[in-house]
Amino acid sequence: MSNDSVRDAGRRRPAVPRLALASAAVGVLTAAAAAFTFTGSASAGTTLGASAAEKGRYFGTAVAANKLSDNTYVTILNREFNSVTAENEMKWDATEPTQGQFNFSNADRIVSHAQARGMKIRGHALAWHSQQPGWAQNMSGSALRQAMVNHVRQVATYYRGKIDSWDVVNEAFADGSGGGRRDSNLQRTGNDWIEVAFQTARAADPGAKLCYNDYNTDNWTHAKTQAVYNMVRDFKSRGIPIDCVGLQSHFNSGSPYPSNYRTTLQNFAALGVDVQITELDIEGSGTTQANTYRSVVNDCLAVARCNGITVWGIRDSDSWRASGTPLLFDGSGNKKPAYDATLSALNSGTTPTNPPTNPPTNPPTNPPTNPPTNPPGGCSATVSVNSWNTGFTASVRVTAGGSGTNGWTVSLTLPGGTSVVNTWNAQASGSGGTVRFSNVNYNGRLSAGQSTEFGFQGSGSGSGLSPTCSAS
Ligand code: G3I
């Protein structure tokens, strides 16, 4: 048995004991919740959590520790939800405000609340470019890498056995048509920072599902969705531990619910990971909003491995986008039409017993953005550079010619004094003078006209780069 199989076997432990704990916890709950107007345990099908549980799923919400003393808030939380995510309390700035000194007090309040009621807990988030403590923001290179690894290890170890799913890495891909990684201090420590975070988390808590979580990854045709898909496929093929993909699913007029959402869920699931809708909110009101919530729930129920939905807050007034009234309860805690639609979709949905019948076996064939007109054969490359005083990052887009490619190599002559510091989505060889970047195992095969993107960070000047591409 491989190490991964051993870890997988270990990871499957929680479901039954937690359910047992859930029923036991209901007994102690009355006393524990005496300060609140607790309405008792949920009847099947009459609350979001109970209805989702009937379909083998959870229905969760983001929780803020400082609202656990709000009576209306806690009443709804306890009645409707069977999973929680700490909205901010498990983030790096909250848990390690000073390097090496950990503070779990607010996160623990949420964990205790959930555990006492048998709710699942989603951990959010171990490694992220945002909400880093000041000391980490000021770090770089191997010191930052070490600090990140230590953070992941310490936090995942502290909560070992309590977390159903961890967002190990959050929001590491760039928006827009490039389909590459987001530039960040963590990314600049080397392209392997994500897999190192996952390996560290697995070692620290082998029982937790390990998720990659991001936003704007809902539309199957978007470059960012494709980029995350390619990373997950690569991780699965190389045995990097990953168990789930989180689609945040913050929908609004600028980033609407896409009609191919179900396709996205299916395609991720077909890679052999769970899919979780992790931060759902849908701006709007009335029937339109309700219909979109219904569609999201129906899509999740249609995909066997879509195993849970979390809304990003309880009442509209709790939302990070309160003015968009994106949640299921109004500011007074009343159920909105969106609530009714969600519950009725959960109740009427069926649970597929089999995975989707036609999982995609190949990567998407259509590039998400308009590709350049096909070069006749071989391949072509273009570069865009983002410079600062002493260095730069370069994104290189490789486009296959009319015959497609099995592999490609891009050559670049660097100005004197310039060198490559790290590379992602390609293998670099040569230093100084001409550097060659060759495809890695997941992006060498391009059909005619298809594009892929790789990048590198350089020290020195990135001016005047002129890539040439050769295909094999
Ligand atoms: O608690 C302080 C308060 O003491 C202070 O007076 C106030 C002044 O601004 O700030 C309060 O902290 C705010 C915190 O939310 C709690 O409300 C922070 O400024 C604010 O930045 C923070 O925003 C959070 C945001 O992440 C930060 O990136 C939101 O609550 C939280 O909902 C949001 O969640 C993210 C997910 O983690 C990742 N995906 C996107 C999602 C929405 O942005």
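For ligands, and for the atoms within them, numbers begin at 1 and follow the listed sequence. What you see below is based on every heavy atom in this structure, not just the backbone, and it leaves out hydrogens, waters and symmetry mates. This is a predicted model, so every value here is computed, not measured.
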Within a distance of under 4.0 Å, is there any protein heavy atom near [atom]?
atom	result
atom 4 (O) of ligand 1	no
atom 30 (O) of ligand 1	yes
atom 19 (O) of ligand 1	no
atom 33 (C) of ligand 1	yes
atom 12 (O) of ligand 1	no
atom 40 (C) of ligand 1	yes

Checking the N or O distance criterion of under 3.5 Å, is ligand 1 in contact with [X]?
X	answer
Asn170	no
Glu279	yes
Glu171	yes

Just which atoms of ligand 1 are under 4.0 Å from any heavy atom in Trp128?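 With Trp128 as reference, the close atoms of ligand 1 come out as 28 (O), 37 (O), 38 (C).
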Counting each atom of ligand 1 from 1 as listed, which ones have a heavy atom of Gln248 under 4.0 Å away?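 Ligand 1 atoms under the 4.0 Å threshold to Gln248: 38 (C), 39 (N), 40 (C).
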What protein heavy atom is closest to [atom], reported as residue, atom name and distance in Å?
atom	result
atom 27 (C) of ligand 1	Gln131 OE1, 2.9 Å
atom 14 (C) of ligand 1	Asn88 ND2, 3.9 Å
atom 26 (O) of ligand 1	Lys91 NZ, 3.1 Å

Could you check Lys67 against Asp70 for salt bridge (charged side-chain N to carboxylate O under 4.0 Å, His left out), going step by step and ending with a plain yes or no? CA-CA 5 Å; Lys67 291 181 182 157; Asp70 176 329; over 6 Å; no
Any Lys/Arg nitrogen of Lys209 or Asp243 sitting under 4.0 Å from an Asp/Glu carboxylate oxygen of the other?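 No.
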Centroid-to-centroid, Trp220 to Tyr261, below 6.0 Å? no
Which pair of non-hydrogen atoms, one from Arg202 and one from Ile242, has the smallest distance, and what is that distance?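 Shortest heavy-atom separation between Arg202 and Ile242 comes out as NH2-N, 4.4 Å.
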Trp166 vs Tyr159 aromatic rings, parallel, tilted or perpendicular, using cut-offs 30° and 60°? tilted
Donor-acceptor contact below 3.5 Å, side chain [X] vs main chain [Y]:
X	Y	value
Arg117	His113	yes
Arg57	Lys55	yes
Lys236	Gly272	yes

Measure the distances from the heavy atoms of Arg321 to every atom of ligand 1 and state whether one is below 4.0 angstrom.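 No; Arg321 lies far enough from ligand 1 that no heavy-atom distance drops under 4.0 Å.
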May I ask you to establish whether Lys224 and Tyr215 are in a cation-pi arrangement, using a distance under 6.0 Å from NZ or CZ to the six-membered ring centre and at most 45° from the ring axis? yes
Where on Trp312 is there a heavy atom closer than 4.0 Å to ligand 1, on the side chain, on the backbone, on both, or on neither?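 Side chain only.
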Can Asn170 and Asp214 be said to form a side-chain hydrogen bond (donor to acceptor under 3.5 Å, both in side chains), step by step? CA-CA 6 Å; Asn170 196 37; Asp214 215 326; over 6 Å; no
